[in-house]
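For reference, the structure discussed in these notes is given below.
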Amino acid sequence: MDNCIFCKIAAGQIPTTPVYEDDDMIAFNDINPAAPVHVLIVPKQHIPTLADCTPNHTALLGKMMLLAPRLAEQLGCGYQADGTGRGSGGFKTQFNTGPDGGQEVYHLHLHVMGGPRPWRGQR
Ligand code: AMP
Ligand code: ZN
C-alpha cells in the first residue's frame, strides 16, 4: 500500500529496530510511548482496521494476540501469577479502531503497553 508508514516499516523501506519479526508480522517500539514498554505488533499485510478483518484473518489475529504476552515477558513486563488470581506485573493490549477509537495509523496494529506505573496520563 503506497504511503502507508507501517507498510514501509514492514517492507524495510523505513529503518526500525524490530523486537520481533517473522513472515507475517513485525513488532517495534512505539515512537511516542505511552508506557515504559510500548510496542506495536503489526501484520505485514496491509489491513486498515480491525473492522476490516474477516474470518480469513482469524489465524493472523490469533498469532498477534499470542505474541503479546511473549513480547511482554521478553521486554520485562510479563504477568507473574501468584496463585491467588492477582499476581504482579502485566501489560495492556489495545486495538484502536476508527476516529472515535483514537486510530491514527490506518494499518492494523496491536499496542502492547506495560512497565511500572504511573504511565503517561494514567495511574
Ligand atoms: P493508533 O492511534 O492506534 O493508530 O496508534 C498509532 C501509533 O503509531 C501511535 O502510538 C504512534 O506513536 C505510533 N507511530 C506512528 N508512527 C510511528 C513510527 N514511524 N514508528 C513507531 N511508531 C509510530
Ligand atoms: Zn499498510
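Note that the structure is predicted; figures quoted are calculated from it, not measured. Ligands are counted one by one from 1 in listed order, and the atoms in each one are counted from 1 as well.
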- Query: Would a 4.5 Å heavy-atom cut-off, applied to side chains only, mark Lys92 and His38 as touching?
  - Reply: no
- Counting heavy atoms only, which part of Phe28 comes closer than 4.0 Å to ligand 1: side chain, backbone, both or neither? side chain
- Message: Just to confirm my output: which protein heavy-atom neighbour is closest to atom 19 (N) of ligand 1, and how far is it?
- Response: Ile5 CD1, 3.6 Å
- What residue and heavy atom of the protein are closest to atom 4 (O) of ligand 1, and at what distance? Glu104 N, 2.6 Å
- For ligand 1, which atoms sit closer than 4.0 Å to a heavy atom of Asn29? 21 (C)
- Task: Work out the angle at the Zn ion (ligand 2) between SG of Cys7 and SG of Cys4, rounded to 10°.
- Result: 120°
- Please could you name the atoms of ligand 1 that Leu40 approaches to less than 4.0 Å, counting only its heavy atoms? 8 (O), 13 (C), 22 (N)
- Task: May I ask you to list the atoms of ligand 1 that are less than 4.0 angstrom from any heavy atom of Asn32?
- Result: 12 (O)
- Task: State, with a plain yes or no, whether a side-chain heavy atom of Phe6 is found less than 4.5 Å away from one of Pro43.
- Result: no
- Query: Is it true that a side-chain atom of Gln13 and a backbone atom of Lys8 form a donor plus acceptor pair closer than 3.5 Å?
  - Reply: no
- Message: Can you confirm whether or not the ring centre of His107 sits under 6.0 Å from the ring centre of His109?
- Response: no
- Give the numbers and elements of all ligand 1 atoms closer than 4.0 Å to a heavy atom of Asn96. 1 (P), 2 (O), 3 (O)
- Message: Do Asp82 and Ser88 have side chains that approach each other closer than 4.5 Å (heavy atoms only, starting at C-beta)?
- Response: no
- Query: Which protein heavy atom lies closest to atom 17 (C) of ligand 1, and at what distance to 0.1 Å?
  - Reply: Ile31 CG2, 3.8 Å
- Task: Report whether Val39 and Ile14 are members of the same hydrophobic cluster (ILVMFWY, side-chain heavy atoms less than 4.5 Å apart, transitive linking).
- Result: no
- Query: What part of Thr16 sits under 4.0 Å from ligand 1 if we count only heavy atoms: the side chain, the backbone, both or neither?
  - Reply: neither
- Message: I'd like to know if the side chain of Asn96 pairs up with that of Gln94 as donor and acceptor (distance under 3.5 Å, no hydrogens or angles considered).
- Response: yes
- May I ask whether Tyr106 places a heavy atom under 4.0 Å from ligand 1? no
- Message: If you round to 10 degrees, what value do you get for the angle at the Zn ion (ligand 2) between His46 atom ND1 and His107 atom ND1?
- Response: 110°
- Task: Answer with side chain, backbone, both or neither: which part of Ile14 has a heavy atom less than 4.0 angstrom from an atom of ligand 1?
- Result: neither
- Message: Please classify the Gln94 to ligand 1 contact at 4.0 Å (heavy-atom distances, strictly less than): side chain, backbone, both or neither.
- Response: neither
- Item | Lys/Arg N to Asp/Glu carboxylate O, Asp22 vs Lys44, below 4.0 Å | no
- Starting from atom 13 (C) of ligand 1, locate the nearest protein heavy atom and write down its residue, its atom name and how far away it is, to 0.1 Å. Asp30 OD2, 3.3 Å
- Message: Could you tell me, atom by atom, which parts of ligand 1 come under 4.0 Å of a heavy atom of Gly102?
- Response: 1 (P), 2 (O)
- Task: With rounding to the nearest 0.5 Å, note down the distance linking CG in Leu67 to OH in Tyr20.
- Result: 5.5 Å
- Task: Indicate yes or no: at least one non-hydrogen side-chain atom of Leu108 is less than 4.5 angstrom from one of Leu50.
- Result: yes
- Message: To check your reading of the model: name the closest protein heavy atom to atom 1 (P) of ligand 1, its residue, and the distance in Å.
- Response: His109 NE2, 3.1 Å
- Query: Is the backbone N or O of Ala35 less than 3.5 Å from a side-chain atom of Arg120, with the two atoms forming a donor-acceptor pair by type?
  - Reply: no
